[in-house]
Number of protein chains: 2
Amino acid sequence: MSRVEDMEAALRRAGVRITRQRSAILTVLSTAEDHPDANELHGRARALDAAVSLATVYRTLAVLEEAGVVHRHAFEGGGARFEAADVPHHDHIIDLDSGEVMEFRSEKIEELQAAIAAEHGFELVHHRLELYCRKKRQP
Amino acid sequence: MSRVEDMEAALRRAGVRITRQRSAILTVLSTAEDHPDANELHGRARALDAAVSLATVYRTLAVLEEAGVVHRHAFEGGGARFEAADVPHHDHIIDLDSGEVMEFRSEKIEELQAAIAAEHGFELVHHRLELYCRKKRQP
DNA sequence: CAAGTATTTGCAAACGCGTCGCAACTAGCG
DNA sequence: CGCTAGTTGCGACGCGTTTGCAAATACTTG
């Protein structure tokens, strides 16, 4: 069962109709290796099916986020960027020079975050951790 | 020497002119106990001096950020929020229900972040760590 | 498998937040 | 105090995103 079929099944369960446009967008998201923004997704989706408007991309992304099948990121500068949610949780490193986004995961940091929230009497719902970096120049 | 005077001195050193408007904005920032956005700052500044336009608030905030006397935050939902920079570095806990912003600092997390950046061949320039939380309900 | 209905779509106009060009003003210099 | 470059207010603009509306369509039900 493909990632797209999994996502569509999850959406149907949530009472969301599967339209041509939504399938196209899901296909794009499931094959993306990067973190595209709405405009980029629109371009890629239209390559699969000309009948996808930008407004629908935005509306669909809202639906997909609501259903938990995509994650929305708001890195510094520029608009929101998206990523299929069916991958293990991770945080991001952003290269300030190239804009490239990389992923990492630190169990230790995850634990510390939960501990800090608890110390303050809170339950951690989600977090955002972004490291804005520059390539280390080796001397 | 007040915080406003310190900030003005830093700005003069950077070759920035101190106008009535900028003084008003600095006063507002130095007395704010929260993390106001540009519009809120505009309202508070106008209460001190009617001659402050929103455009000037934005322009001044850009200057202040450039000079390092304020920090800009972009929490989820809504526009940028600001905070005087003459306080020790910290990260933020955001209460999802009330929108309230709290501060914390974890030396351990700071170290781990730097280590992770280094592992990936990067130099950490700055980071963003936000914990979105809900009050723990005690059973 | 056709009809019915609630959802979804495209379009274009509207939005919110932030920026900018321009003429008038003013801080800080001499 | 007068000069001049830096700063301001205003309204227009830009960009990413949202929305109202009429037409199109996915899923239900007979």
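Predicted, not measured: the structure shown is a model, and the values here were computed from it. Just so it is clear: chains get the letters A, B, ... in the order the sequence lines come, proteins before strands, and each one is counted from 1.
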Which nucleotide in the list dT17(D), dG9(D), dT7(D) gets nearest to the side chain of Arg22(B)?
-> dT7(D)
Comparing nearest nucleotides in DNA chain C, the 5'-proximal residue of the pair Arg81(B), Gly15(A) is Gly15(A)
Asp49(B) meets the side-chain hydrogen bond (donor to acceptor under 3.5 Å, both in side chains) criterion, sequence neighbours left out, with Arg20(B)
Contact span of DNA chain C against chain B, any nucleotide atom under 4.0 Å from a heavy atom, 5' to 3', runs dC17(C) to dG28(C)
Across all chains, not counting sequence neighbours, the side-chain contact (heavy atoms from CB on, under 4.5 Å) partners of Val63(A) are Val16(A), Arg22(A)
For His71(B), which residues count as a side-chain hydrogen bond (donor to acceptor under 3.5 Å, both in side chains) partner, sequence neighbours excluded?
-> none
For Arg46(B), which residues count as a salt bridge (charged side-chain N to carboxylate O under 4.0 Å, His left out) partner, sequence neighbours excluded?
-> none
Who passes salt bridge (charged side-chain N to carboxylate O under 4.0 Å, His left out) against Arg44(B), sequence neighbours left out?
-> Asp34(B), Glu40(B)
Can you sort out which residues in residues 46-63 of chain A have a heavy atom within less than 4.0 Å of DNA chain D? Ascending by number, please.
-> Ala55(A), Tyr58(A), Arg59(A)
Using a 3.5 Å cut-off and no angle test, enumerate the donor-acceptor pairs between side-chain atoms of residues 54-61 of chain A and protein atoms at least two apart in sequence or in another chain.
unit_1, atom_1, unit_2, atom_2, d
Thr56(A), OG1, Ser53(A), OG, 3.2
Thr60(A), OG1, Thr56(A), O, 2.8

Could you pull out the protein-nucleic contacts involving nucleotides 27-30 of chain D (nitrogen or oxygen on both sides, under 3.5 Å)?
unit_1, atom_1, unit_2, atom_2, d
dC27(D), OP1, Arg12(A), NH1, 3.1
dC27(D), OP1, Ile18(A), N, 2.8

Give the rounded distance in Å between these two atoms: NE2 of His42(A) and P of dG16(D).
-> 14 Å
Identify, with sequence neighbours excluded, every residue that meets salt bridge (charged side-chain N to carboxylate O under 4.0 Å, His left out) alongside Asp95(B).
-> Lys135(B)
Residues forming a side-chain contact (heavy atoms from CB on, under 4.5 Å) with Glu103(A), sequence neighbours excluded | His35(A), Glu83(A), His90(A), His92(A)
Under the ring-ring contact (aromatic ring centres under 6.0 Å, His included) test, which residues partner Tyr132(B), sequence neighbours left out?
-> His126(A)
Are Phe75(A) and Leu131(B) in one and the same hydrophobic cluster, where Ile, Leu, Val, Met, Phe, Trp and Tyr link if side-chain heavy atoms are under 4.5 Å apart?
-> no
